[in-house]
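Below is one structure, written out as structure tokens; the observations come after it.
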Amino acid sequence: MKRTFSEKLAILSDAAKYDASCASSGSDRRGSKKEPGLGSTERSGICHSWTPDGRCVSLLKILMTNFCIYDCAYCINRVSSGVERARFSVEEIVWLTMEFYRRNYIEGLFLSSGIIRSSDYTMEELVRVAKVLRLDRGFRGYIHLKAIPDASPDLLAEAGLYADRLSINVEMPTETGLTQYAPEKDSIGIRSAMGHIRKKMDATKEKTLAGRRPPRFAPGGQSTQMIVGADAATDQDILSSSSALYSDYRLKRVYYSAFSPIPHASQALPAQKPPLLREHRLYQADWLFRFYGFQFQEITENRPDGMLDLEVDPKLSWALDNRAVFPVDINQAPRELLLRVPGLGPRSVKVLLATRRHKTIRLDDLERLRVSIRKIRPFITTPDWRPIKLIDRMDLKSLFAPPPQQLSLL
Amino acid sequence: MKEHLVSLPEAAPFSLWRLHARSLLAAGIAPEHIVWRSSSGQDDLFSQPDPSPETETSKPQKISRNCLLFLETLLCHANPEKFSLAYRILWRSRRERSLLKTGTDPDIVMANRMAHQIGREVHKMKAFVRFREKTPQGSNTRHFAAWFEPEHHILEKAAPFFARRFTDMNWMILTPKGSVGWDGETCVVTREACTRTIFEDEAEALWKTYYRSIFNPARVKVKAMRSEMSPKYWKNLPETELIPEMLAQAARQTW
Ligand code: SF4
């Protein structure tokens with residue numbers, strides 16, 4: 001039976017929604033004023049809409065096809081799933097991207113695919129979409145391509161010419177998890193592709209001996225995703241995996257995707273609500289690493305079971321476990337220490353550092369900056385405030401933790 | 001000392017406010033002696049300041065570029081308090097060199113908050129303008145138009161983004177606070193109010209199909225959505241009319 005264009009779009013975007021990434025940031029800034037064409041990129045990216053799952057819609061995120069010869073247990077598109085299948089042609093994807101872009105619905109395209117025939121064949125088709133967009137249509141918006149595991153390095157190099165970002169999902173936080181749930185994929189293959197991408201990116205920063213710049217390669221960097229809650233990995237396992245990923249492959253982002261029950265689920269998987277709060281805490285921990293100068297290991301080292309506290313955020317949790325560090329003098333402490341104070345973010349720290357050069361900061365100054373005094377008070381001193389023993393209270397945590405949930409009637 | 005009354009339309013461009021501010025400053029008139037009144041209507045848009053306070057002998061005032069840029073942003077705000085606040089900052093910054101950097105000063109706290117709201121709305125405009133196609137028969141460039149309702153006077157700030165991006169088509173963004181237009185070569189911004197016009201665009205059906213399908217009903221987080229995409233924008237976003245139905249469907253799902 002022949003499907004309409006709209007039916008195919010529904011199938012192929014439904015199939016893509018389990019990928020958390022939709023970012024359009026981090027690329028070079030470009031526009032279309034000097035050369036003919038359409039599109040531009042902003043350094044910080046733009047979200048054009050939000051769906052009721054709280055996720056941003058920045059890119060047209062679709063699969064070229066959801067046919068797949070692999071059988072990854074967590075994936076709705078695996079060969080043994082009973083889901084409806086469809087495939088878009090290169091021309092159809094190009095057309096849709098351009099039309100959505102012209103109406104300002106999107107920043108660009110995030111194209112992924114199930115594996116058909118072979119990894120190389122699939123990757124070639126993805127690259128072709130990007131190439132037609134860039135070379136034939138003069139498209140200068142954002143392109144994020146999924147790198148297919150085991151695709152040849154030449155194809156990855158070509159993908160990097162046209163794409164802003166490349167990503168390849170490690171899927172499971174640990175190797176055991178991967179062998180268990182994605183028998184055809186191997187973590188060595190995935191990591192060697194990431195290493196390859198990193199080398200190519202590093203190379204664009206150096207000139208060759210002849211003084212020429214190497215060709216463009218994915219200026220928006222690479223990212224990856226881990227599924228949370230499908231296997232037995234603890235938060236500590238997940239975060240130490242992130243730590244290695246950020247440092248070994250210089251990833252721009254690691255995404256955490258709460259395992260979400262899928263229609264036609266494999267028996268091997270937990271049929272439960274996605275662990276959204278856990279996912280949220282992992283993002284907060286990731287945030288502490290990227291913007292607050294925390295090391296991943298510090299965040300979980302005091303957690304007995306290797307799991308982040310679900311009751312309070314990881315920064316507060318760290319502060320409660322490291323009370324000897326506090327109270328911190330708001331007028332004297334260095335930036336790194338201010339960033340450790342629960343209730344202070346990089347923006348308010350910046351204002352405080354600039355302000356205290358000219359005047360002494362008092363408690364009401366903090367109030368004016370809309371810092372939560374209740375939250376910050378036990379951890380700081382100002383000329384007019386000193387937390388007497390507050391920091392030693394055994395029940396300090398209960399001042400912050402949410403009240404216990406009432407039993408649901410249903 | 002006598003009170004000075006300055007009457008400006010709420011939408012007064014920065015340049016007009018600056019003319020007034022400059023002569024008041026030159027005449028040494030302190031902020032507490034000025035009443036800034038925002039007049040309604042556009043009649044005053046081209047009014048000139050009372051020339052009397054300015055004297056030939058007054059020294060030109062040196063104001064840092066940073067400060068001027070900051071005040072220019074502030075003047076985009078819809079709150080009429082902006083006129084007196086901007087003048088107060090101007091007045092004080094002559095003596096208090098580090099005023100702008102004193103992030104805990106009440107005037108600066110207020111001004112930073114207003115500037116932040118403006119920056120945020122510029123960002124939201126880039127995100128939420130939705131073009132609809134309206135290409136006249138026989139034209140070989142494609143034509144698009146959009147209706148958007150900003151709270152603040154941000155069109156000048158947002159226009160360069162659209163001009164850099166949508167170069168190979170003709171487009172107009174109409175708003176109650178003015179319009180931005182591009183004809184393939186130049187970008188024109190006006191401050192004349194436009195009226196709402198809506199027409200059909202077939203591509204919208206595909207966009208809605210996409211919006212519905214990319215939603216994961218197993219993870220409903222309405223609060224997160226509303227805080228990023230404030231309901232005040234919803235009436236001009238075609239996809240948002242699907243939200244009630246999508247949520248109802250998600251609630252019926254059992255996992
Ligand atoms: S290879 Fe990709 S699309 Fe295919 S089953 Fe595995 S995760 Fe799903």
Side-chain angles (χ1 to χ4, degrees), chain A residues 5-6 9-14 16-18 31-33 36-40 42 44 46-57 60-62 96 99-100 102-105 138 140-141 258 260-262 271-274 276 348 350-352 354-355 357-359 361 364-366 368-369, chain B residues 96-99 101-106 109 112-113 123 126-133 142 144 146 161-169 171 201 203-207 209-229 237 239-240 243 246-247 250 255:
Chain A
F5 187 88
S6 167
L9 173 61
I11 293 172
L12 293 171
S13 42
D14 186 87
K17 72 183 167 204
Y18 301 98
S32 293
K33 268 197 167 163
L38 173 74
S40 60
E42 299 282 292
S44 58
I46 297 173
C47 291
H48 286 272
S49 194
W50 274 265
T51 38
D53 50 19
R55 281 181 167 166
C56 131
V57 182
L60 168 62
K61 178 162 58 174
I62 46 169
L96 188 63
E99 291 306 313
F100 273 15
R102 284 189 187 289
R103 288 164 178 82
N104 203 38
Y105 299 159
R140 271 185 277 283
S260 175
I262 46 172
Q272 59 180 26
K273 282 195 162 188
L276 293 184
S348 35
K350 198 171 152 208
V351 175
L352 290 175
T355 304
R357 266 191 244 129
H358 317 293
K359 67 176 293 256
I361 291 161
D364 57 344
D365 288 322
L366 291 171
R368 248 180 259 129
L369 287 178
Chain B
E96 302 167 53
R97 283 272 150 228
S98 48
L99 177 65
K101 293 205 190 89
T102 312
T104 57
D105 178 275
V109 167
N112 278 342
R113 199 162 295 153
H123 188 73
K126 294 176 187 172
F128 296 151
V129 158
R130 297 280 182 265
F131 284 120
R132 292 183 161 100
E133 181 159 23
R142 294 175 63 181
F144 292 82
F161 163 81
F162 292 98
R164 196 166 60 238
R165 174 163 292 195
F166 301 103
T167 42
D168 72 347
M169 53 197 232
W171 50 264
D201 184 335
E204 239 160 54
L206 289 176
W207 169 239
T209 300
Y210 176 65
Y211 183 77
R212 194 186 287 118
S213 316
I214 202 70
F215 164 60
N216 183 350
R219 33 181 308 150
V220 171
K221 279 181 151 184
V222 179
K223 226 175 98 193
M225 168 185 72
R226 292 172 71 100
S227 79
E228 294 292 349
M229 185 168 74
L237 292 170
E239 66 272 24
T240 53
I243 292 172
M246 285 159 70
L247 286 173
W255 301 105

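What you are looking at is a predicted structure, and each value in this text was computed from that prediction instead of being measured. Every chain is numbered from 1, with letters handed out A, B, ... down the list of sequences. The basis for the numbers below is simple: all heavy atoms, side chains too, and nothing from hydrogens, waters or symmetry mates.
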Relative to chain A, which of [options] shows the most heavy atom pairs under 4.5 Å?
options                                : result
B:Trp171, B:Phe131, B:Phe161           : B:Phe131
B:Asn112, B:Val129, B:Leu237, B:Asp105 : B:Val129
B:Lys101, B:Lys223, B:Glu133           : B:Lys101

Regarding [X] and [Y], does a basic nitrogen lie under 4.0 Å from an acidic carboxylate oxygen?
X        : Y        : result
B:Arg165 : A:Glu42  : no
B:Arg130 : B:Glu239 : yes
B:Glu228 : B:Lys221 : no

Identify which of [options] forms the greatest number of heavy-atom pairs closer than 4.5 Å to chain B.
options                             : result
A:Leu60, A:Val57, A:Leu369          : A:Leu60
A:Cys56, A:Ser44, A:Ser49, A:Gly141 : A:Ser49
A:Lys350, A:Arg103, A:Lys17         : A:Arg103
A:Gly31, A:Pro52, A:Ser6            : A:Pro52

For [X], is it the side chain, the backbone, both, or neither that has a heavy atom closer than 4.5 Å to a heavy atom of chain B?
X        : value
A:Phe100 : side chain
A:Arg140 : neither
A:Leu12  : neither
A:Lys61  : both
A:Arg368 : both

Minimum heavy-atom separation for [X] and [Y], please, with both atom names.
X        : Y        : answer
A:Tyr105 : B:Glu204 : OH-CG, 3.5 Å
B:Ser213 : A:Ser13  : CB-OG, 3.3 Å
A:Leu9   : B:Leu206 : CD2-O, 3.4 Å
A:Ala10  : B:Thr209 : CB-CG2, 3.9 Å

Begin with the C-alpha distance, continue with both residues' side-chain angles, and end with the deciding distance and a verdict on side-chain contact (heavy atoms from CB on, under 4.5 Å) for A:Thr51 and B:Asn216.
CA-CA 8 Å; A:Thr51 38; B:Asn216 183 350; over 6 Å; no
Measuring heavy-atom distances to chain A, does [X] have an atom under 4.5 Å in its side chain, in its backbone, in both, or in neither?
X        : answer
B:Met229 : both
B:Ala163 : both
B:Arg226 : neither
B:Arg212 : neither
B:Ile214 : both

Verdict with reasoning, A:His358 to B:Arg97, per side-chain contact (heavy atoms from CB on, under 4.5 Å)
CA-CA 10 Å; A:His358 317 293; B:Arg97 283 272 150 228; over 6 Å; no
Rounded distance [0.5 Å steps], OH in B:Tyr210 versus CG in A:Leu96
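It is 9.5 Å, given to the nearest 0.5 Å.
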Indicate yes or no: at least one non-hydrogen side-chain atom of B:Phe215 is less than 4.5 angstrom from one of B:Val220.
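The answer is yes; the side chains approach within 4.5 Å.
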